[in-house]
Chemist: 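Sharing a structure, written as structure tokens. Questions coming.
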Amino acid sequence: MNDIHADIMVISAHPDDAEFGAAGTVAKWTGAGQAVVYVVCTSGDKGTSDRDLTSEALIDIREQEQSDAARLLGVKDVVFLKYRDQELEDTPDFRKDIVRQIRRFRPRTIVTSDPYRRYIWHRDHRIVGQVTLDAVFPYARDYLAYPDLIQEGLEPHNVAEILFYAAEDINFRSDITETFNLKLAALRCHESQVREFGIDDLETWLRKRCRQMAEGEAFELGEAFYRVKAPR
Ligand SMILES: [Zn+2]
């Protein structure tokens, strides 16, 4: 197995999405010796109400915060695709960029945002979920989809499953009772964003949210997903 291989790939629109959606589960995986990588499509360069901050300054801050959070969670690698915040579109180029990362790391599981959340939902989250779903099937799988990627040595790859965070329909709840504190610490790495949330007590807020996501389960704290098996 090549050393770039990852068991799990989290594909997010912005720095902090992966921590909100899946950090407790990511910490569980890395703790069990699974290799997790992040692909972060934009660097969150528009998400601030601070008029003194330029987009360029924000890119540096957000990438540093994302790298710090990933390190804390034991994530093996973070790839920044450097698309502009709020400008993700479902284009052939973006889809190919996602396919390229899937074929590089060859993950079993992909984690991303649910594209089918209704009404208020960040457009970038909707787009990244849709493009990732399409990239997994059929584009990463099919030999003839990108002959030039084959030339680069990026052979077709079958992902086994996709977990969508922020889903409205839930069919998989992950027990993060043991890794809740790591999720909290990882979210706190995103200091420039956390202060914008208007949440006084992040721990109380997050605990309540994770308790809701464990609803109906025997464990106390969870993260909730919609899980889809990819066709072979
Ligand atoms: Zn986001």
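Only a predicted model underlies this, so the values are computations on that prediction, with no experimental measurement involved. We count ligands from 1, going down the list as the structure has it; atoms in each ligand are counted the same way. In this chain, residues are counted from 1 in sequence order.
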Chemist: Which N/O/S atom belongs to Asp17 and is the closest one to the Zn ion (ligand 1)?
Modeler: OD1

Chemist: With a 4.5 Å limit on heavy-atom distance, are the side chains of Leu58 and Ser43 in contact?
Modeler: no

Chemist: Would you check if the side chain of Thr30 reaches a backbone N or O of Ala27 as a donor-acceptor pair within less than 3.5 Å?
Modeler: yes

Chemist: Please tell me if the side chains of Leu53 and Ile61 come closer than 4.5 Å, counting only heavy atoms from C-beta onward.
Modeler: yes

Chemist: Which other residues belong to the hydrophobic cluster containing Val75, where Ile, Leu, Val, Met, Phe, Trp and Tyr are joined when side-chain heavy atoms lie under 4.5 Å apart, directly or via other members?
Modeler: Ile8, Val10, Val26, Trp29, Val36, Tyr38, Val40, Leu72, Leu73, Val78, Phe80, Val111, Leu163, Tyr165, Phe172, Leu182, Phe225

Chemist: For the Zn ion (ligand 1), find the closest N/O/S atom on His125 and give its atom name.
Modeler: NE2

Chemist: Looking at the Zn ion (ligand 1), which N/O/S atom of His14 is the nearest one?
Modeler: ND1

